[in-house]
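Here the structure comes first, spelled out in C-alpha cells, and everything after it is commentary.
Chain letters run A, B, ... following the sequence lines, proteins first, then strands; residues in each count from 1. Hydrogens, waters and symmetry mates play no part in the numbers below; they use all other heavy atoms, side chains included.
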Number of protein chains: 2
Amino acid sequence: MANRRASITDLAKALNLSTSTISRALADHNDVSEATKKRVRALAEELSYQPNQLAAALRRGRTNTLGVLVPHITGHFFPQVVNGIATEAARLGFNVMICQSNEDVKQERKNIDLLMNSQVEGILVSLANTTKDFSHFEAVRSQNVPLVFFDRVVEGFRGDNVSAVMLDDYQGAYQVVAHLIEQGCTRIAHFTGPLHINIHKGRHQGYLDAMKDKGLQPDPRLTVFGELNQKTGAAYMRKLLKQPERPDAVFASNDLAAVGALQELKAQGLRVPEDIAVAGFSNEPFTTLVEPQLTTVDQGCDTMGISAVRLLQKMLAGNPDRLMQPRNVVLKPKLLVRESTMKK
Amino acid sequence: MANRRASITDLAKALNLSTSTISRALADHNDVSEATKKRVRALAEELSYQPNQLAAALRRGRTNTLGVLVPHITGHFFPQVVNGIATEAARLGFNVMICQSNEDVKQERKNIDLLMNSQVEGILVSLANTTKDFSHFEAVRSQNVPLVFFDRVVEGFRGDNVSAVMLDDYQGAYQVVAHLIEQGCTRIAHFTGPLHINIHKGRHQGYLDAMKDKGLQPDPRLTVFGELNQKTGAAYMRKLLKQPERPDAVFASNDLAAVGALQELKAQGLRVPEDIAVAGFSNEPFTTLVEPQLTTVDQGCDTMGISAVRLLQKMLAGNPDRLMQPRNVVLKPKLLVRESTMKK
DNA sequence: CTGAAAGCGCTAACAC
DNA sequence: GTGTTAGCGCTTTCAG
C-alpha cells in the first residue's frame, strides 16, 4: 500500500538492464537502441516512474532553479513582476522558487539562506523596505551566485555578479508633470512619500525639474510629504483646498493617494479635470474603475521581471572566470493619459 | 576565485574530525562536546558554510516542502490564498514551491510532474478552468502524496488522501439576496457566469432559494447568463433598463460586473441604491474605491489557504498505513454591507 | 550499444 | 564523544 516510488534501480532490475542504460534511455541518448528505449519507456509509464530531481541535481551539481525574493506576494505590483520572472525563466528552462520577506529583514535573511541551501543558481531580490544591513547578501556574492536586485535596489551593495533593474521614476514623473502643464495647469501640487526611498526621491525630482524646465516655479506649499494612501490623499487634498491660492492639478506619487484626492474633490463639488486635474503613479487596476478614469504611469511590471531574468541569465552564461561587471538596467515608464487630466 | 562552496567534508578535513561529528555538531546533537561544537561553528561561519539541502533531503527521504499550483499568480484572490498557505506552511516548518498553470491543462500537468519530481510531501491545487481530465493527478494519488484541492475543486476525482477546501457560494449569495430583500427590494436581477462552473452554480441557486424563501417569485427575465466583467456588466444593465418592468436591485456574481452595472446606472442618471441597489461578490480591493462603495461578499482568502495547509498537515501526520478518508472543508463567506445597497 | 564503478553531500545505524 | 560505513537516486566517465 505504501507504494514506494519507482526508481531507476527498480526499472533496471525488472528489465535486467543496468541503471546506466535506463538513465540513458530515459534521457533519450542516441547510444541506446530504439528497442531498449521502448521497453524502458513502457515500464516507466506503467510504474508511473518519476525521476528524482533531488538526486539528479545533486549528482549534476546543477539545480536549474532560480530564487526569487519579494517583500510581498500580494498586491498588484509584485505578483505581476513575479509573473514576468516565472514566464521568462520557464522559457529559458529554469524553475523558480518564490519567497516573501513580508518587509522584514529577519525573514529576508532567512529566505536568502533557504535559497542558498536549496542550491539555486541565481537570485532575484526586491528588498524589504527596512533593510539597511546587507551582510546576508555577502554569502551570495562570495559564492558567486549571481544576484539581481529589482525595483527596490541597494545603493551601498555592489560587486561583480551583482546587478539591478529599476524603473526610471524621474522620467515617469517628469512626463506626468509635463503633460499637466501642456493641459494648461500651472499650480501643480505634489503628494510624495519619504524622500529617502529612491522611488519617491526620483518622482519628486522629476516633478521639480519638469516644472522648472517649462518655466514654472514650484511652490513649496504645494508639495505634501507623508504616507500615501486613500485616506491621506483625501486629507492632503482637503488641506490644500483651504489654502488661499488653490492648485489646479495634483500629481500624487501613487494611485491610492490620487484616488483619495479625487474623491475629496468630488465630495466638495469640484469637477475633475475641469477645476482640478489629478494624476497618479503605478497604473493600479482600479485606476480605470474610478470616475473619471485616472491618468497614471505604467511601470511595465512584466518587463521588469523579464529583464531581471535576462540579466541573470547573462551572468550565468558568462565566463565563470571572468565575472560580469555590475550592470544596471533602467526601464522606461509609460504615461497613460486618461480622463482625469484631459482638459482639452 | 571560483570559490567552491564549503562542504561538511571540507570542515572535517580542516578540523581533523569525521564528517559525522561535523554533521552532528551542526545539528546541535547532545552527544558532541561543547568544545567541538564551538570549533565547528566557528569554522563554518568563517567559510560561510551552507548546508546542501538537496543532499540532506535525498538522504533523509524528506524534503519538508509542499507544492502549490494555482491558475494565476496575479490578480487578487490567488495571491491572497497563496499568502495564507505560505504563512501557515512556514509556521509548521514547511517550505513551499509555487507554480502557476495559466489556466492551461498542459501546464498544469507539467507542473504537477515538476512538483512530484521535486519530491514535495504534499500538493495544494486550484484547478485550471479548462481541466476536464484528471489523469495527471493519478500519479499523485497512487503514490500517496496527499492532495488538497482548494476553491476550484473536482467533482469526479476523489480518493484516500484527497481532500478539498471551498467556499460556501450558495450561502454567500443567499445572504446577499436576503439582505437586498430586507432593504425592500423585490425585483432582484442576477448576473451569472456559466452554470457548469461550481461557484456560479452555487451562487445562482443561493439567489433563487433566497427569493423563494422570502416569498418572491424570481423572474427568469431578470437572470442574465454570460461572461462577467466590467464591460458586460454595463451591457447587461443597459439591456435590463430597456425592459418595461425594470429591476430594483442587481446581484452580480462578481465584483467587476457589479461595477460595470454601477457605472451604467450612474451614466443614465439613476441613483444607487435609491433607485436600484447593486451588490457584487468577492470583495475585490476596488469595491471600496468606487462610489458608492460596493456591497459584496468576502471569501476569507487567507483562511482558505490556512485551512488547506492544515488539512494537508493532518494527512501527513496521520498513520501512513491507514489513509485519511476524503474530507471537505466548506468555509463560510461574510456579507459586507456597504453603501450600494443601504437604502435604510 | 551496454555495464561496472565511482561519487554528488549528507545522515544514521552501528561500533568503540 | 567520536569514527566507520553504508547508501539515498541519479549521472557519467571509462571499459568493453
- request: For A:N64 and D:dT11, give me the distance from atom CG to atom C1', rounded to whole Å.
  value: 15 Å
message: Nearest to the side chain of B:S23, heavy atoms from C-beta on, is which of C:dT2, C:dT11, D:dG3?
response: C:dT11
message: Quiz question: going by heavy-atom distance under 3.5 Å, is there a donor-acceptor pair between the base of C:dA4 and the side chain of A:S20?
response: yes
task: Measure from the side-chain N and O atoms of A:D10 to the backbone N and O of A:S7, and report whether any donor-acceptor pair falls under 3.5 Å.
output: yes
message: Between B:S126 and B:F149, is there a side-chain heavy-atom distance shorter than 4.5 Å?
response: no
- prompt: Quick one: does NZ or CZ of B:R141 land under 6.0 Å from the six-membered ring centre of B:F157, within 45 degrees of the ring axis?
  reply: yes
- prompt: What's the CG-P distance between B:D31 and C:dC14, to the nearest Å?
  reply: 15 Å
message: I need the CE-C1' distance between B:M116 and D:dG9, as an integer number of Å.
response: 16 Å
Residues B:D28, B:R41: salt bridge by 4.0 Å N-O rule: yes
- request: Considering just the side-chain nitrogens and oxygens of A:Y49, establish if one lies under 4.0 Å of OP1 or OP2 belonging to D:dC10.
  value: yes
- line: Between CD of B:Q143 and P of D:dG9 the distance, given in whole Å, is 12 Å
message: Using a strict threshold of under 4.0 Å (side-chain N to carboxylate O), is an ion pair present between B:D160 and B:R327?
response: no
task: Using a 4.0 Å heavy-atom cut-off across all strands, classify A:S7 as base, sugar-phosphate, or nothing.
output: sugar-phosphate
- request: For B:I8 and D:dT2, give me the distance from atom CD1 to atom P, rounded to whole Å.
  value: 15 Å
field: B:Q53 (side chain) donor-acceptor with A:N117 (main chain) under 3.5 angstrom
entry: no
message: What's the closest nucleotide to the side chain of B:R24 if the choices are D:dT11, C:dT2, D:dG3?
response: D:dG3
field: Closest nucleotide among D:dT2, C:dT11, C:dA5 to the A:T19 side chain
entry: C:dA5
task: Check the distance between D:dG1's C1' and B:K38's NZ and give it to me in whole angstrom.
output: 16 Å
DNA chain D: 5'-proximal contact among A:T21 and B:N16 (nearest heavy atom): B:N16
- request: Please report, rounded to the nearest Å, how far the P atom of D:dT11 is from the CG atom of A:L26.
  value: 8 Å
- prompt: Between C:dT2 and A:T36, is there an OP1 or OP2 to side-chain N/O distance shorter than 4.0 Å?
  reply: yes
- request: For the helix from C:dC1-D:dG16 to C:dC16-D:dG1, measure the angle between the helix axis at one end and the axis at the other, each built from five pairs, rounding to 10°.
  value: 40°
query: Hey, does B:T65 have a side-chain heavy atom less than 4.5 Å from the side chain of B:V96?
result: no
Residue whose closest nucleotide on DNA chain D lies nearer the 5' end, A:H29 versus B:N30: B:N30
- prompt: Any donor-acceptor pair under 3.5 Å linking the side chain of A:E103 with the backbone of A:P71?
  reply: no
task: Would you confirm whether B:E108, through its side chain, and B:S101, through its main-chain N or O, come within 3.5 Å as a donor-acceptor pair?
output: no
query: Has B:K37 got more than 12 heavy atoms of other residues, nucleotides or ligands less than 6.0 Å from its NZ?
result: yes
- prompt: Which of residues 51-60 of chain A sit near DNA chain D, with a heavy atom under 4.0 Å from it?
  reply: A:P51, A:N52, A:A55, A:A56, A:R59, A:R60
statement: From CD1 of B:I22 across to P of D:dT4 the rounded distance in Å is 13 Å
